[in-house]
Amino acid sequence: MGGLGGKGMVVWMVMFMVVIGSSVAEERKQIPTTLDGPFKPYTKVFDASLRSGSDDLPLYDPRVVKRVPAIYPDQIHLALSTPDAMWVSWMSGDWQMGPKVTPLDPTSVKSIVEYGTASGSYTMSANGTSEVYSQLYPFPDTLNYTSGIIHHVRITGLKPETTYYYRCGDPTLQAMSGEHSFKTLPAPGPSNYPYRIAVVGDLGLTYNSTSTVDHMIDNNPDLVLMIGDMAYANLYITNGTGASDYGQTFGKDTPTHETYQPRWDMWQRMVEPLASRVPWMVIEGNHEVETQINNESFVAYKARFAVPHAESNSGTSMYYSFNAGGIHFVMIGGYIEYNKTSEQYKWLKEDLAKVDRSVTPWLIALTHPPWYNSYLAHYRELECMRQSMEDLLYEYGVDVMFHGHVHAYERINRVYNYKYDPCGPVYITCGDGGNGEKLAILHADEDDACPDPMRTPDKNFAQLGGYCGFNFTNGKFCWDKQPAWSAWRDSSFGHGIIEVMNSTHLLWTWHRNQDQYDEIVGDQIYIVRQPHVCSNQNLLRRNKDTPLSESSDSKLI
């Protein structure tokens, strides 16, 4: 190097950049893109040496026990609000369980966040709200629950891509948390994107769950999308004992089911190391229903999580939307009315119509139950929801839709109404975060595996849709082999990572827990937008009434 002159150095640098550029180009050649599709169906055979489930974390595990005195903040977590605002939430005080419980007074503790851009210097502060919730049962053999005090504070005026240091609690009681920090996301714009976004569903509270969380931490995301089914508290009766098949002490056919609420507190402590520095955006799953007296449901979900529903003109936290740099995310509720006369459908149509693809080119939707699924578990369970909403998502050019619910991984070719369509969304199911219900391994297309069509709709939510199924192969409700729209399926625990390269290319990587230390990935693909081809992905052309999919060559698959 010492013998290189100025011109020689320039030549060397050019050669070096050519080599680096070639290696990057070669790497991209090796990773398939959706333009290479449709892909032939692939199923990875389940490794019989692996366990299909995992044991629960014990109550004394250091990741789930309370680590601070009662009055101090516990279970600290973040959520995005608007691009210049962040929700900070936490719990103070202790929960109670017994035949009779007396809720704490939420006004007895202040809700304050102190924050600033330098460590140890908190030049700004914000006040918030507090509440408690209860889970109550009208049966003599059950225990009632009332929560600690839940605090939600919205801090505003935040600058993009800036690190903020904060602490929360009540300074008048000298009960403030230690210092935490977070980095705000880039401002909305076609060239601004978060570094990495983690996607996980059906997480639970097992050793597999902690492996998934550890793996996510290693991947260093700056946003987490949690696609429902979090703590699985409803798998336990009120004395903390596990119950098989939602069995309850008063009979599983009653409309009110027990749920062991302290598991929520344990779960939020398990994720706190990541959730206190990276915003977690959640949407409800079926395990969040938790019906109690007066037919109330989703009480814990609604109380524990601050989400930007008001900011996105939604009247409920059961569905909402938000921006993260150049991505518009739509969180759709699978367990609230979704038919075309519903408030959710009206909201969704208005929200999608307002998306400016020149500012947020990427449009990504999430809902817990999958619309396309070839596993036996939950096979075509939300067919009514798909039939109600799929046209709307296609019309507005949703690029990707993520699901949980099925405890396995499945990536779907670009599809619309069961037909390959290069302008349709890519559907991805990753409901394999690690919960105790074990992996889904059987597929509906296996011999004698096809379920009874009349038993397919989730009986707890039949009133939201009913039976909408129809036949496929040889008059059967199922295909007789892996459907051509199913590109990749694998029964393993894991999570996914989104890396947006630019306004047209997104790298999706699915990480399996068993590969955590092997430096390999389970599945990887570039998802490519084609706004010059797909008018539904191009706001300007859509507004000019250009026919949808004018250049698409859809074929039945």
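Values below: all heavy atoms of this structure, side chains included; hydrogens, waters and symmetry mates excluded.
Between atom NE2 of residue His180 and atom SG of residue Cys168 there is a gap of 6.0 Å, rounded to the nearest 0.5 Å. The distance from the CG atom of Asn286 to the CG atom of Asp229 is 4.5 Å, given to the nearest 0.5 Å. Expressed to the nearest 0.5 Å, how far CD1 of Ile293 lies from CD of Gln135 amounts to 9.5 Å. Note that OH of Tyr193 is 12.5 Å distant from CD1 of Ile498, once rounded to the nearest 0.5 Å. Atom CE of Met216 is separated from atom OG of Ser211 by 10.5 Å, given to the nearest 0.5 angstrom. Thr360 contributes atom OG1, which lies 5.0 Å from atom CG of Asn323 (distance to the nearest 0.5 angstrom).
Across all non-hydrogen atoms, the minimal contact from Asp105 to Ser108 is O-OG, 2.6 Å. Contact between His405 and Pro370 at its shortest, heavy atoms only, is CB-CD, 3.6 Å. Closest of all the heavy-atom pairs between His151 and Ser111 is ND1-OG, 2.6 Å. Closest approach of Ser130 to Val109, counting heavy atoms only: OG-O, 4.5 Å. Nearest heavy atom pair, residue Val330 against residue His328, reads CG2-CD2, 3.7 Å. Smallest separation of non-hydrogen atoms from Gly334 and Met385: CA-CE, 3.7 Å.
In summary, the aromatic rings of Phe182 and Tyr166 are positioned with their centroids under 6.0 Å apart. For His152 and Phe305, the distance between ring centers is not under 6.0 angstrom. Taking the six-membered ring where the residue is Trp, the centroids of Tyr427 and Tyr372 are separated by under 6.0 Å. Separation of the Tyr133 and Tyr145 ring centroids falls under the 6.0 Å cut-off.
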**Message:** Would Trp280 and Val307 count as a side-chain contact (heavy atoms from CB on, under 4.5 Å) here? Give the steps.
**Reply:** CA-CA 9 Å; Trp280 280 55; Val307 299; over 6 Å; no
**Request:** Apply the test side-chain contact (heavy atoms from CB on, under 4.5 Å) to residues Glu499 and Tyr526: give CA-CA distance (whole Å), side-chain angles for both, the deciding distance (0.1 Å), then the verdict.
**Result:** CA-CA 9 Å; Glu499 296 175 87; Tyr526 281 103; over 6 Å; no
**Message:** Assess the residue pair Glu296 and Thr291 against the criterion (side-chain hydrogen bond (donor to acceptor under 3.5 Å, both in side chains)); give the C-alpha distance rounded to whole Å, side-chain angles, the decisive distance to 0.1 Å, and a yes or no.
**Reply:** CA-CA 6 Å; Glu296 289 186 276; Thr291 306; over 6 Å; no
**Request:** With side-chain hydrogen bond (donor to acceptor under 3.5 Å, both in side chains) as the test, would you mind laying out the steps for Ser125 and Glu114 before giving the verdict?
**Result:** CA-CA 4 Å; Ser125 66; Glu114 299 175 342; over 6 Å; no
**Prompt:** Please walk me through it: do Glu288 and Trp264 pass side-chain hydrogen bond (donor to acceptor under 3.5 Å, both in side chains)?
**Reply:** CA-CA 10 Å; Glu288 279 74 67; Trp264 271 112; over 6 Å; no
**Message:** Would Tyr115 and Leu158 count as a side-chain contact (heavy atoms from CB on, under 4.5 Å) here? Give the steps.
**Reply:** CA-CA 10 Å; Tyr115 60 102; Leu158 304 178; 4.0 Å; yes
**Asked** Where do His443 and Arg489 land on the side-chain contact (heavy atoms from CB on, under 4.5 Å) test, with the steps shown first?
**Response** CA-CA 10 Å; His443 307 104; Arg489 59 190 186 187; 3.4 Å; yes
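Looking only at atom types and distance, the side chain of Thr212 has a donor-acceptor partner in the side chain of Asn513 under 3.5 Å away. With 3.5 Å as the limit, one finds a donor-acceptor pair spanning the side chains of Ser209 and Thr206. Under 3.5 Å, the side chains of Thr102 and Gln96 contain no donor-acceptor pair of N or O atoms. Gln524 and Thr509 share a side-chain donor-acceptor pair at under 3.5 Å. When only modelled atom types and interatomic distance are considered, Asp515 and His215 share no side-chain donor-acceptor pair under 3.5 Å. With 3.5 Å as the limit, one finds no donor-acceptor pair spanning the side chains of His511 and His495. Looking only at atom types and distance, the side chain of His403 has no donor-acceptor partner in the side chain of Glu410 under 3.5 Å away. In this structure, a donor-acceptor pair under 3.5 Å is present between the side chains of Tyr236 and Asp56. Side-chain atoms of Thr82 and Arg154 include a donor-acceptor pair closer than 3.5 Å. With hydrogens and angles left out, the side-chain atoms of Asp523 and Tyr409 include a donor and acceptor closer than 3.5 Å. Using modelled atom types and a 3.5 Å distance limit, the side chains of Asp265 and Gln75 yield a donor-acceptor pair. A side-chain donor-acceptor contact under 3.5 Å links Gln261 and Thr259.
A donor-acceptor pair under 3.5 Å is absent between the side-chain atoms of Asp432 and the main chain of His407, judged by distance alone. Looking at Thr184, its side chain does come within 3.5 Å of a backbone N or O of Glu161 through a donor-acceptor pair. Without hydrogens or angle criteria, Asp222 side chain to Tyr195 main chain gives a donor-acceptor distance under 3.5 Å.
Ionic pairing of Arg167 and Glu179 is not present here: no N-O contact between side-chain nitrogen and carboxylate oxygen is shorter than 4.0 angstrom. Between Arg304 and Glu131 there is no salt bridge, since no side-chain nitrogen of the basic residue lies less than 4.0 Å from a carboxylate oxygen of the acidic one. Between Arg51 and Asp55 there is a salt bridge, since at least one side-chain N of the basic residue sits less than 4.0 Å from a carboxylate O of the acidic one. A salt bridge links Arg269 with Asp74; the closest basic N to acidic carboxylate O contact falls under 4.0 Å. The pair Asp94-Lys66 meets the salt-bridge criterion, since a charged nitrogen lies less than 4.0 angstrom from a carboxylate oxygen.
Side-chain atoms of Ile155 and Tyr164, non-hydrogen and from C-beta on, never get closer than 4.5 Å to each other. Contact check for Met97 versus Pro262: side-chain heavy atoms found under the 4.5 Å cut-off. Considering only heavy atoms from C-beta on, Leu366 stays 4.5 Å or farther from Met401 through its side chain. Using a 4.5 Å heavy-atom threshold, the side chains of Thr367 and Trp371 count as touching. Counting only heavy atoms from C-beta outward, the side chains of Phe322 and Pro83 never approach each other to under 4.5 Å.
Here the rule is side-chain hydrogen bond (donor to acceptor under 3.5 Å, both in side chains) with His287, and of Asn234, Asn435, Asp202 only Asn234 fits it. Applying the salt bridge (Lys or Arg N to Asp or Glu O under 4.0 Å) test between Glu272 and each of Arg67, Arg277, Arg63 identifies Arg67 as the sole match.
Ring geometry for Trp95 versus Tyr260: interplanar angle over 60°, hence perpendicular rather than tilted (30 to 60°).
Within 6.0 Å of the CD1 atom in Ile217, the count of heavy atoms belonging to other residues, nucleotides or ligands exceeds 12.
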